[in-house]
Amino acid sequence: LWDLGHLFLSGKLGQVDYEGAEKAFVRATQTGDVWSNYYLGKLYIEGGLGDKDPKLGIPWIKKAVELWEA
């Protein structure tokens, strides 16, 4: 799912699809994947889905750090 999210972001499946990436990363976070948490947070913070939303992105980054430290 992490790889699928990156395929959506890269545009290798056609056009860049931020919403497809978001869905793939959200599903991957449910498995405890560190990098999916990080990239999902980054997607929100950088505004890939519209307005930049650090309030939504920072918790995902923090979760990634927690998982990494574990």
Side-chain angles (χ1 to χ4, degrees):
L1 289 170
W2 182 82
D3 288 332
L4 180 60
H6 277 279
L7 286 172
F8 282 125
L9 287 178
S10 70
K12 291 182 180 179
L13 299 174
Q15 293 183 345
V16 173
D17 182 356
Y18 292 108
E19 291 171 357
E22 176 190 32
K23 289 176 185 175
F25 289 144
V26 166
R27 289 189 60 208
T29 63
Q30 295 168 353
T31 68
D33 181 66
V34 173
W35 291 107
S36 295
N37 279 275
Y38 171 76
Y39 278 100
L40 185 59
K42 187 177 176 201
L43 189 64
Y44 293 133
I45 290 169
E46 293 178 352
L49 296 163
D51 292 335
K52 294 179 181 181
D53 194 348
K55 289 181 183 177
L56 187 57
I58 289 172
W60 290 105
I61 302 290
K62 286 182 178 180
K63 180 65 177 179
V65 171
E66 289 174 19
L67 291 169
W68 182 265
E69 290 176 343

How long is the span from the CD atom in E19 to the CG atom in L43, to the nearest 0.5 Å? 10.0 Å
Once rounded to the nearest 0.5 Å, what's the spacing between atom CG of L1 and atom CG of L7?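 Interatomic distance, L1 CG to L7 CG, rounded to 0.5 Å: 11.5 Å.
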Do F8 and V16 have side chains that get closer than 4.5 Å, going by heavy atoms? no
Which donor-acceptor pairs under 3.5 Å do the side chains of residues 20-32 make with protein atoms, sequence neighbours left out?
unit_1, atom_1, unit_2, atom_2, d
E22, OE2, Y44, OH, 2.5
T29, OG1, V26, O, 2.6
T31, OG1, A28, O, 2.6

Listed once per pair and sorted, the side chain to side chain donor-acceptor pair (under 3.5 Å) pairs that draw on residues 32-42, sequence neighbours left out: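 Applying side chain to side chain donor-acceptor pair (under 3.5 Å) to every pair that reaches into residues 32-42, excluding sequence neighbours, yields D33-S36.
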Tell me whether Y18 shares a hydrophobic cluster with L40, the cluster being built from Ile, Leu, Val, Met, Phe, Trp, Tyr side chains joined at under 4.5 Å. yes
Side-chain polar contacts of residues 45-70 - donor-acceptor pairs under 3.5 angstrom, sequence neighbours left out - could you list them?
unit_1, atom_1, unit_2, atom_2, d
D53, OD1, K55, N, 3.4
D53, OD1, L56, N, 3.3

